[in-house]
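Lettering follows sequence order; numbering is per chain, from 1.
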There are 4 protein chains.
Amino acid sequence: MKILVTGFDPFGTDKINPAIEAVKQLPAQIAGADIVKLEIPTVFDRCATVVLNAIEREHPDYVLNVGQAGGRAAITPERVAINFDDGRIADNDGFQPINRTIQSDGATAYFTQLPIKAMARAIRKVGVPSTVSTTAGTYVCNHIMYQVQYMRDKHFSALKAGFMHIPFLPEQVVSRPNVPSLSLADDVRGITAAIEAMVAYDGKPDIESVEGTIA
Amino acid sequence: MKILVTGFDPFGTDKINPAIEAVKQLPAQIAGADIVKLEIPTVFDRCATVVLNAIEREHPDYVLNVGQAGGRAAITPERVAINFDDGRIADNDGFQPINRTIQSDGATAYFTQLPIKAMARAIRKVGVPSTVSTTAGTYVCNHIMYQVQYMRDKHFSALKAGFMHIPFLPEQVVSRPNVPSLSLADDVRGITAAIEAMVAYDGKPDIESVEGTIA
Amino acid sequence: MKILVTGFDPFGTDKINPAIEAVKQLPAQIAGADIVKLEIPTVFDRCATVVLNAIEREHPDYVLNVGQAGGRAAITPERVAINFDDGRIADNDGFQPINRTIQSDGATAYFTQLPIKAMARAIRKVGVPSTVSTTAGTYVCNHIMYQVQYMRDKHFSALKAGFMHIPFLPEQVVSRPNVPSLSLADDVRGITAAIEAMVAYDGKPDIESVEGTIA
Amino acid sequence: MKILVTGFDPFGTDKINPAIEAVKQLPAQIAGADIVKLEIPTVFDRCATVVLNAIEREHPDYVLNVGQAGGRAAITPERVAINFDDGRIADNDGFQPINRTIQSDGATAYFTQLPIKAMARAIRKVGVPSTVSTTAGTYVCNHIMYQVQYMRDKHFSALKAGFMHIPFLPEQVVSRPNVPSLSLADDVRGITAAIEAMVAYDGKPDIESVEGTIA
């Protein structure tokens with residue numbers, strides 16, 4: 001089994017992005033699966049091409065995109081990507097889409113094929129906080145999650161894909177009082193545990209744990 | 001113009017639900033539109049029928065469902081409903097769906113037809129906090145938002161519909177330290193302002209304000 | 001019985017201060033006590049003089065100073081004032097003390113004489129969130145609480161005094177997403193309930209409810 | 001120079017306390033100072049005796065007590081301890097004081113002798129979040145900070161002492177969604193940096209950085 005794991009480069013006012021830093025530190029193999037690592041740009045209109053090229057080159061069974069969710073306290077596997085770009089800030093090419101449909105012939109949204117409840121449970125089992133999320137936002141993180149699902153829908157029906165958000169690093173919150181963080185070591189342990197769950201649940205349905213939120 | 005506005009009854013450990021309390025206090029007319037008020041049960045498998053009956057009886061131009069989002073600090077118009085039920089607690093009939101598809105022939109998700117950015121801005125203009133949300137959760141709130149969109153998709157193509165979350169009332173947080181709340185009076189003012197924006201933007205696209213979140 | 005109730009004027013980037021707005025709306029009598037209202041400047045080196053003048057003119061039995069605590073979700077009667085000024089921003093005269101002792105011959109700290117647990121309980125009983133606080137910060141709020149206690153210590157031994165923080169108003173958080181607020185009407189109801197408790201517990205010890213925090 | 005560093009044992013529903021775990025991992029020497037480590041019980045009426053015995057045995061120049069502040073996102077050196085016990089839960093001996101004066105002949109409060117702003121800055125410089133705090137609460141943490149200051153006031157006038165709170169560990173928040181945490185490795189790095197600042201500022205005044213909070 002081969003798993004393509006991507007991480008974004010830094011954006012906004014941050015000089016570092018925990019996503020690519022954590023991805024870089026993953027081992028070459030997890031639970032018998034080969035891990036292919038890829039840095040992708042925080043750019044709406046280029047990140048998908050970089051992933052597409054890697055899919056065509058590597059033929060992975062899974063794609064796991066990892067991104068930063070500043071302000072969250074836990075690692076959050078995402079359930080769904082929506083067909084909507086809406087940037088609060090410009091991306092690294094200076095582009096800030098507002099109210100934009102990503103793919104005019106794409107679905108309104110795509111659900112992940114990953115066993116996200118099993119992944120969240122596996123992350124917690126190694127002592128790292130994790131909950132399932134139902135929004136990846138409307139910035140480049142949701143964009144890449146949507147675009148990979150769109151590729152799958154149109155071209156790579158055997159592919160399984162999903163997205164995981166990780167918090168700020170401690171060093172990113174020294175100037176952001178009261179904002180939670182998670183260490184790079186815990187990111188790496190958490191992502192590793194999540195990938196182990198992906199491998200363990202390959203071909204099986206997700207677990208039926210209670211993870212819902214009230215709202 | 002006629003607008004059907006619904007509010008849920010209390011659920012969980014709460015004796016009151018700000019949603020139906022606020023809806024009850026709305027005026028009979030807002031910006032020239034007739035307001036039809038409806039209390040609906042916090043029950044996955046009955047709430048949609050109650051709304052459907054009201055749609056067939058009243059033939060509204062708009063449906064606005066209102067629900068409680070405990071823990072949020074602002075009124076949050078919702079962008080999207082997803083085809084997924086996942087209860088953290090049982091509903092008022094004692095039913096707790098886990099990992100359940102709502103409609104096997106429905107879309108993965110539906111976007112609202114409401115001008116939610118204009119609504120959020122209108123709410124803020126009357127001094128009440130509001131931001132656009134991209135998740136209505138996976139409980140009965142998302143369920144009814146999804147179900148009304150599904151009805152629209154299958155039967156009422158002229159209908160416009162959407163959902164708005166409101167915070168706990170102050171009296172609900174006296175035993176929940178550090179949890180934000182909003183008064184019933186502000187809920188009523190906020191919902192009224194939102195409906196005024198719905199009327200003002202009828203037939204027009206939403207505004208292009210920056211409302212996105214980073215994640 | 002006579003109670004002097006003060007509220008600060010606006011400071012920082014805010015055009016309004018809920019403290020003075022709420023104080024203005026208090027009735028002239030609460031539980032038989034006469035309420036004397038006073039606006040005081042958000043200025044380290046002038047606010048105490050304004051209160052001192054009012055004490056000498058009015059001879060109140062109690063002084064209750066009210067101030068804004070942006071970011072808190074509840075009304076918080078304060079237990080203690082410390083002999084320390086440390087401004088995060090300048091006051092309304094442009095003065096920003098750093099690491100400054102307020103009174104070289106004053107105590108390190110003074111406890112309030114108010115029945116703050118009974119007050120918090122009374123506020124909650126009218127449906128408004130309230131918890132006891134053990135820090136009034138190091139800005140002008142702590143300063144005035146300390147200065148009134150110092151006056152009491154040196155000159156007005158029969159006086160009873162204390163401080164209460166209230167959250168931002170909803171209109172103050174429209175540009176501060178995710179920050180809690182409380183309406184002016186709830187501030188007024190909460191402060192009124194607190195003053196009723198002050199009158200009811202006059203000459204009696206505070207209640208022994210569990211209000212402590214873990215830390 | 002000799003520094004006595006203490007950490008509490010686990011309490012409440014937690015099986016682990018990051019305070020003692022972090023203290024155990026400190027090196028034997030930091031910036032030339034000898035580090036004496038001591039585990040103390042989370043018990044109001046015994047913890048001070050354990051520290052007193054160690055002070056009499058070790059004759060330290062400094063005492064630094066470390067404790068857990070569940071819910072905080074940063075390491076927080078404390079400015080002040082107050083003469084007041086008020087337990088939200090019972091301690092490890094089953095004792096829960098309410099509204100209790102710690103020492104009838106003690107000061108209302110004692111300020112720390114530690115350079116807490118320099119410590120917070122030093123912690124941030126190694127990439128770990130830190131802010132100065134003005135409340136250590138009313139549980140065993142404030143108690144031991146107060147008691148050590150009281151000992152200093154009555155018997156050990158040359159001693160310098162203070163307290164530092166650290167957040168939950170990641171493993172402690174896997175069942176506490178949305179609560180921030182900090183890794184044990186970051187606790188150790190942060191405490192080490194703080195002790196280095198204590199040594200560097202020995203005999204000098206604290207820095208005059210802006211650390212105040214508004215309230």
Side-chain angles (χ1 to χ4, degrees), chain C residues 11-12 14 42 67-72 76 78-91 96-101 106-111 115-117 131-142 145 149 153 163 165-167 205-215, chain D residues 11-12 14 42 67-72 76 78-91 96-101 106-111 115-117 131-142 145 149 153 163 165-167 205-215:
Chain C
F11 64 93
D14 286 288
T42 300
Q68 163 188 302
R72 292 193 186 172
T76 48
E78 297 289 349
R79 180 169 301 287
V80 63
I82 62 174
N83 193 0
F84 194 72
D85 283 340
D86 202 38
R88 189 176 70 77
I89 59 171
D91 67 18
Q96 183 177 10
I98 299 287
N99 296 1
R100 184 175 76 155
T101 299
T108 302
Y110 294 107
F111 286 129
I116 54 175
K117 286 186 174 182
T131 54
V132 164
S133 168
T134 49
T135 180
T138 58
Y139 195 57
V140 183
C141 289
N142 172 75
M145 182 180 176
Q149 290 293 332
D153 187 28
F163 193 95
H165 268 118
I166 59 177
D206 198 359
I207 59 176
E208 303 226 329
S209 60
V210 174
E211 293 267 351
T213 52
I214 281 293
Chain D
F11 63 92
D14 286 289
T42 301
Q68 163 189 302
R72 292 192 187 172
T76 48
E78 297 289 348
R79 179 169 302 287
V80 62
I82 62 174
N83 193 359
F84 194 72
D85 282 341
D86 202 39
R88 189 176 69 78
I89 59 172
D91 67 16
Q96 183 177 11
I98 299 288
N99 295 1
R100 185 175 75 155
T101 298
T108 300
Y110 293 108
F111 287 128
I116 54 176
K117 287 185 174 182
T131 54
V132 164
S133 168
T134 50
T135 178
T138 58
Y139 195 57
V140 183
C141 289
N142 172 75
M145 182 179 177
Q149 290 293 332
D153 187 30
F163 192 94
H165 268 119
I166 59 178
D206 198 359
I207 59 175
E208 303 227 327
S209 60
V210 175
E211 291 267 352
T213 52
I214 281 292

Toward chain D, the part of C/V80 with a non-hydrogen atom under 4.5 Å: side chain
Not counting sequence neighbours, which residues clear side-chain contact (heavy atoms from CB on, under 4.5 Å) with C/T101? List them please. C/N83
What distance do [X] atom [atom1] and [Y] atom [atom2] have between them, rounded to the nearest 0.5 Å?
{"X": "D/N99", "Y": "C/E211", "atom1": "CG", "atom2": "CD", "answer": "9.5 Å"}
{"X": "C/N142", "Y": "D/T134", "atom1": "CG", "atom2": "OG1", "answer": "8.0 Å"}
{"X": "D/T108", "Y": "C/Q149", "atom1": "OG1", "atom2": "CD", "answer": "9.5 Å"}

Return the minimal non-hydrogen interatomic distance between D/V210 and C/R88, and the atom names on each side. CG1-O, 3.5 Å
For C/I98 and D/E208, which heavy atoms make the closest approach, and how far apart are they? CG2-O, 3.4 Å
Given side chains that start at C-beta, do those of D/T135 and C/R79 come closer than 4.5 Å, heavy atoms only? no
Is chain C contacted by the side chain of D/S209, its backbone, both, or neither, given a heavy-atom distance below 4.5 Å? backbone
